[in-house]
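Okay, structure first, notes after.
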Protein chains: 2
Amino acid sequence: MSPSTIQASGSRRRSTQAERSARTRTALLQSAARGLSRYGYGNLVLEQVARDAGYTRGALYHQFTGKKDLALAVVEWVDETWWREVGGLVDQQPGPVAALIALARGHAIYCRRDVASVAMALRLEFSGQDHPVGREVERISKTLVKRCARLINAGRRDGSIPPGPPAKAVALAFVGALEGAVIALAGQAPHDELLAARAAAGVLGLDSPAGT
Amino acid sequence: MSPSTIQASGSRRRSTQAERSARTRTALLQSAARGLSRYGYGNLVLEQVARDAGYTRGALYHQFTGKKDLALAVVEWVDETWWREVGGLVDQQPGPVAALIALARGHAIYCRRDVASVAMALRLEFSGQDHPVGREVERISKTLVKRCARLINAGRRDGSIPPGPPAKAVALAFVGALEGAVIALAGQAPHDELLAARAAAGVLGLDSPAGT
DNA sequence: GCATTCACGTACATACACGTCTGTATGCTA
DNA sequence: TAGCATACAGACGTGTATGTACGTGAATGC
């Protein structure tokens with residue numbers, strides 16, 4: 001954060017202070033992500049988050065301004081890693097159908113870690129509320145749904161996806177079914193990947209995918 | 001509850017006391033069901049539940065022994081109505097595939113009311129916990145999954161469902177995808193029904209259903 | 001080398017919600 | 001109609017979790 005990350009090139013003196021801070025911050029973030037995924041926002045107890053990370057609430061309140069800020073940071077962090085790990089995979093697919101199926105498979109694999117259901121848990125918890133965390137989650141979710149809707153429209157234009165309900169509704173169901181299936185399977189490799197792909201293909205109105 | 005439901009056959013004197021009690025009880029149940037679906041168990045505020053039903057916490061604590069008891073009653077009530085409205089529909093289908101698709105469509109329709117996501121919300125909230133409400137929800141969920149697994153096995157035996165991952169995993173994904181899709185669509189009739197059926201068929205490995 | 005800043009721990013204040021208790025009005029019974 | 005039971009409202013006490021203020025030791029800058 002502060003502009004004190006400057007490090008003289010020749011010196012080997014490690015910036016222990018900054019490193020230390022960064023380590024605790026990521027430890028707290030991971031712990032909070034697990035906690036949010038497991039218990040949701042309201043049930044999340046900050047003392048337990050800190051303990052699980054090996055610190056106390058003092059450290060937490062030093063790194064984050066409060067619970068809200070912590071949750072927002074977690075959401076942002078999860079979103080970032082998701083786009084890096086899954087979104088990238090989607091981009092390098094030849095067509096919209098391949099992209100959507102890759103998204104499903106990638107999401108299943110991404111969710112094998114314990115941070116799986118943080119998005120759906122928070123979205124459910126804040127649905128129809130005005131909490132800033134809920135708004136952020138909603139915003140991220142909308143972005144994903146919109147992207148899926150665009151892919152669906154593209155697939156329909158080139159004939160690879162059959163017609164059906166409005167692309168927006170299909171995209172909503174696509175994301176919902178995908179998340180639901182993956183959460184229900186709770187990282188039961190290797191079936192999670194195939195079943196996620198099946199659910200995704202099904203929502204799109206495609207025939208059962210040949211693979212595996 | 002009490003054995004005072006006795007009513008002299010000839011007498012027309014309506015048991016207004018019992019009726020009144022029953023009305024408030026169901027009003028509180030409905031309000032609590034909405035609340036649980038919206039906010040989950042931990043975030044559910046009993047005063048708001050009572051207010052939404054037109055009463056105060058006094059009435060609530062008169063009808064139920066506490067929050068836990070209220071939640072259990074809601075879960076039982078939702079489960080009961082679900083089996084009556086959806087489960088019955090499933091039973092009268094000719095084959096396992098028809099039964100599973102009917103289940104999907106029926107669930108979508110059932111969830112058009114605001115009690116949609118009470119099951120998934122509570123399951124998420126209590127996943128990996130030891131709360132009695134969580135145990136009950138888990139038990140109910142397992143029952144449904146087992147039933148789906150049996151239908152899947154039956155369908156595989158008669159060839160109407162292609163092979164794939166273990167029936168148990170498929171059933172888990174089936175229920176999960178179904179719930180996820182329906183919640184995401186949030187009762188957007190009429191597409192919810194079709195898309196639920198599509199997701200269901202997809203998980204089973206069936207080709208896209210012809211209907212609509 | 002010393003003052004300062006930073007990372008973190010500890011102790012306190014506050015808020016919120018659950019559960020309990022007591023009060024009151026309305027229906028039931030004799 | 002008198003007396004009791006029931007349905008419900010309101011007030012109180014308590015536990016718990018958040019946020020804040022303060023204290024400590026180590027690292028950094030002069």
Side-chain angles (χ1 to χ4, degrees), chain A residues 1-8 11-29 31-32 35-36 39-72 125 129 131-133, chain B residues 1-8 11-29 31-32 35-36 39-73 125 131-133:
Chain A
M1 288 296 179
S2 56
S4 63
T5 330
I6 316 153
Q7 192 58 34
S11 171
R12 277 268 286 329
R13 190 181 292 275
R14 286 204 305 278
S15 61
T16 48
Q17 197 80 315
E19 271 192 355
R20 182 185 175 198
S21 191
R23 260 204 309 275
T24 59
R25 191 181 168 88
T26 57
L28 288 168
L29 268 177
S31 174
L36 281 176
Y39 311 112
Y41 182 83
N43 295 338
L44 186 72
V45 180
L46 295 188
E47 177 156 343
Q48 190 169 341
V49 171
R51 285 195 72 80
D52 284 6
Y55 298 90
T56 66
R57 279 174 47 242
L60 199 154
Y61 274 94
H62 178 68
Q63 296 282 351
F64 305 92
T65 67
K67 193 176 188 179
K68 191 169 53 184
D69 181 43
L70 173 66
L72 283 172
E125 186 168 354
Q129 231 133 337
H131 198 282
V133 176
Chain B
M1 288 296 179
S2 56
S4 62
T5 331
I6 315 153
Q7 192 61 30
S11 172
R12 276 268 285 329
R13 190 181 294 275
R14 283 204 307 278
S15 59
T16 47
Q17 195 81 318
E19 269 192 355
R20 182 185 175 194
S21 191
R23 259 205 309 275
T24 61
R25 190 180 168 88
T26 56
L28 288 169
L29 269 178
S31 174
L36 282 176
Y39 311 111
Y41 182 84
N43 295 338
L44 187 71
V45 180
L46 295 187
E47 176 156 343
Q48 191 170 341
V49 171
R51 283 196 74 79
D52 283 6
Y55 297 90
T56 66
R57 281 175 46 246
L60 201 156
Y61 275 94
H62 178 69
Q63 296 282 352
F64 305 92
T65 67
K67 195 175 186 179
K68 190 169 53 185
D69 181 43
L70 172 66
L72 283 171
E125 186 169 353
H131 198 282
V133 175

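Numbers restart at 1 for each chain; the letters A, B, ... are given by sequence-line order, proteins then strands.
Atom CG in A:Asp69 sits about 10 Å away from atom P in D:dG19, given to the nearest Å. Atom NE2 in B:His62 sits about 5 Å away from atom C1' in D:dA7, given to the nearest Å. Atom pair B:Glu47:CD and D:dG10:C1' shows a separation of 10 Å (rounding to whole Å applied). For B:Leu46 and D:dG10, the CG to P distance is 16 Å, given to the nearest whole Å. In this entry the distance linking CZ of A:Arg20 with C1' of D:dT28 reads 13 Å, nearest Å. In this structure, CZ of A:Phe64 is placed 15 Å from P of D:dT18, rounded to the nearest angstrom. Atom CD of A:Gln17 and atom P of C:dA7 are 5 Å apart (whole Å). Regarding B:Tyr61, its OH atom lies at a distance of 21 Å from the P atom of D:dT6, rounded to whole Å.
Partners of B:Tyr39 by ring-ring contact (aromatic ring centres under 6.0 Å, His included), not counting sequence neighbours: none found.
Contact between the side-chain N/O atoms of A:Gln48 and the OP1/OP2 oxygens of D:dA17 is not found at any separation under 4.0 Å. Listed pair B:Ser21 / D:dA7 meets the phosphate criterion, a side-chain N or O lying under 4.0 Å from OP1 or OP2. Applying the 4.0 Å criterion to OP1 and OP2 of C:dC8, one finds that A:Thr24 has a side-chain N or O inside that range.
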Checklist line | Trace of the side-chain contact (heavy atoms from CB on, under 4.5 Å) decision for A:His131 with A:Lys68 | finding: CA-CA 9 Å; A:His131 198 282; A:Lys68 191 169 53 184; 4.0 Å; yes

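Taking both residues in full, the closest heavy atoms of B:Arg25 and B:Gln63 are given as NH1-O, 3.1 Å, listed atom of the first, atom of the second, then distance. Closest approach of B:Gly66 to B:Tyr61, counting heavy atoms only: CA-CE2, 3.8 Å. What you find for B:Gly42 and B:Lys67 is that their closest heavy atoms are O-NZ, 3.5 Å. Considering all non-hydrogen atoms of both residues, B:Leu28 and B:Val49 come closest at O-CG1, 4.0 Å.
Contacts of B:Leu28 with the nucleic acid, taken as non-hydrogen atoms under 4.0 Å apart, are absent.
Enclosure of atom CD in A:Gln129 by more than 12 non-hydrogen atoms of other residues, nucleotides or ligands within 6.0 angstrom is indicated.
If you check residues 50-60 of chain A against DNA chain D, the residues with a heavy atom closer than 4.0 Å are A:Arg57, listed by number.
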